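Have a look at the structure below before the remarks.
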Amino acid sequence: MFETAKRRQPLWLLAELTYKCPLQCPYCSNPLDFAAAGQELTTEQWIDVFRQARKMGAAQLGFSGGEPLVRQDLEILIAEARRLGYYTNLITSGIGLNAQRIAHFHDAGLDHIQVSFQASDEEVNQMLSGSAKAFAQKLKMAREVKAQGYPMVLNFVTHRHNIDQIDRIIELCVELEADYVELATCQYYGWAFENREALLPTRAQLERAERITNEYRERLAAQGHPIKLIFVTPDYYEERPKKCMNGWGELFLTVTPDGTALPCHSARMLPLTFPNVKDHSLSHIWNDSEGFNYFRGKGWMKEPCRSCDEQDDDLGGCRCQAYMLTGDMHNADPVCSKSEHHSLILEARLAAEADVSATAMTFRNERNSRVFLKG
Amino acid sequence: MNAAVPAINRMFRLQWEEAQDAWVLLYPEGMVQLNASAAEILTRVDGKKTITEIQTELLTKYPEAEGLEQDVNDFFVHAQTLNWIRYV
Ligand code: SF4
Ligand code: SF4
C-alpha cells in the first residue's frame, strides 16, 4: 500500500500492545508460546518508542495485539501518537469497545478503526472465536464506528469454513458502509499453521470466491459506490512467493508487548536474536542489529534463489514459511515452484481436497499455549 | 470558469513529512507520496477555494507554466477517481 518509498525507513510501526485477547481464533498470528512473553511495556516506554520511530520517518502507527482495547492506557497512547503526527490505526476485534470509548478515541485523535471479523455467519463466527456474543457486538461496534464519522476497514479472515459465504460477507460490508474491505485468506503462520488442514480452502472454493468478489467489484463500481474490495489469495495457490514484508527491514517495524523489535510480526519464530527496545535505541535496532540486517539484500540466499533471475520480484519469499516448512530459513519459500520443497505445498493443496470437517482445531488459549511451550 | 469547490476526503490526511522531504496523503494503513505539482495543488484544497481560484493562485506563482489550467483540471479528475477529494 506504500507508493514510492525511496530510503530504507521504518514507515510503518506496528505496536502490539498486548497478547491478551478475549477471543481464541484458531488462526491467530501471535506466537505459539505467547503465555511465556515477558512484561508488557509501560505507557512511557511505548511513547518513547513512538517518538523515536517518528523521528526515523514512521508515519503509520497501528495499535494491535492481542486485543489492544485491553490496555487501559490506549487513549493516552493514541493522543500522544497523533500529537507526534502519526496516522493512527486501531486494529481491533471490537470486543471491549463501546460508543463512549469510540468517542474518547476520536477526541484523542484516532484516525481509523479496523474491525476484524471471522465470518458473516453467526454460527461459524461463534465456532471460530469461541465466544457467543462476539458477532452481535462486532456488528454494533462497526455501525458505531461509522456513525461517529471514522473511516472504517473491515477485515474478514477467510478460510474453508466461511469462504463460500463471500457474497454474504461482501453484502454485510456494504450494508455497514465500510470504506475498505480486506478479504484475506489466512496466512499459515503461528496458530494457523497448526490448524492448516482445517483451514486451507480448496482451489475451487478460492476461484469461486475470487470470481464473486470481482463481480461485486464491477457492480459496485458501476453504481459509483466508493467501497474498495481487496481480495488476497493465499500463497499456497501461487507458483511464486510473496515478497517478505516488501523487503525484510525495509518498511515495517513491529514492536511486541514485551518490547522485542521485529521486521515482521511473525519473525520471532526464526532462530535469530531480535533486539529489545528496553535495551537499545530504535535507530540502533533498525540500522545495526543482527536481527534486522540478517535478511536484508540478497547475500544470504542459497540456490535456487541465489542465481534466479526473479530475485528482485520476491526476494526469495517468506523466511518464516521457508523455516517452518523446510527447517532452513535460508531456503527458497516452498511456495515457489523452483523450490525443491514445493511438493510440500502441492501436498497441502491435495489434502485440502479431502474432507477435513472432522479435523479438530486447536484453539488459541493459555492452556494450549502452555502445551506448545513444553513440546 | 470552474466554480466547483474541492475538499480532501475525510479518509485522507495531507501532511508534510520531513523524513521523506515530501507531502504525503495518509489513509488507513497506507500512504502516497505526492510529487511536487500534486502537492502544489492539493495544499491549496481547503473546502473553500474554487478550482478556478486555485488555478489563478498557481498561475500567479508559476506564470511561465504552459497548460497549467488543463493540468489542474486533469489532476482533479484523477484525484476524484482515487477518492482523494470530494466537492462541497
Ligand atoms: S527461486 Fe527464489 S528468487 Fe527465484 S522465484 Fe523462486 S523464491 Fe523467488
Ligand atoms: S518471512 Fe517475512 S513476511 Fe514472512 S512471516 Fe517472516 S518476516 Fe513476515
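What you see is a predicted model; the values in this text were computed from it and never measured. Lettering of chains follows the sequences in order, A, B, ..., and the numbering in each one begins at 1.
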Check the pair A:Q9 / B:Q20 against side chain to side chain contact (heavy atoms under 4.5 Å, CB included), numbers first and verdict last.
-> CA-CA 9 Å; A:Q9 291 172 322; B:Q20 297 177 55; 3.9 Å; yes
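Other residues, nucleotides and ligands contribute more than 12 heavy atoms inside 6.0 Å of the CD atom of A:Q223. Annotation for B:H78: atom NE2 does not count as buried by contact number, only 12 or fewer foreign heavy atoms lying within 6.0 Å.
With a 4.5 Å cut-off on non-hydrogen atoms, A:I91 touches chain B through its side chain but not through its backbone.
Of all the listed residues (A:K55, A:R82, A:M56), the one sharing the greatest number of non-hydrogen pairs under 4.5 Å with chain B is A:R82.
When atom types are taken as modelled, the side chain of B:Q15 and the backbone of A:G85 share a donor-acceptor pair closer than 3.5 angstrom. Here the side chain of B:R13 pairs a donor or acceptor atom with the backbone of A:Y86 at under 3.5 angstrom. No side-chain donor-acceptor contact under 3.5 Å links B:E29 to the backbone of A:N89.
The structure places CG of A:L61 at 11.5 Å from CG of B:L26, a figure rounded to the nearest 0.5 Å.
Residues A:A59 and B:M31 approach most closely at CB-SD, 3.8 Å, considering heavy atoms. The two residues B:Y27 and A:Y180 have their closest heavy-atom pair at CD1-OH, 3.5 Å.
A salt bridge links A:R54 with B:E17: the distance from a Lys NZ or Arg NE/NH1/NH2 to an Asp or Glu carboxylate oxygen falls below 4.0 Å.
The closest side-chain heavy-atom distance from A:P151 to B:R10 is below 4.5 Å.
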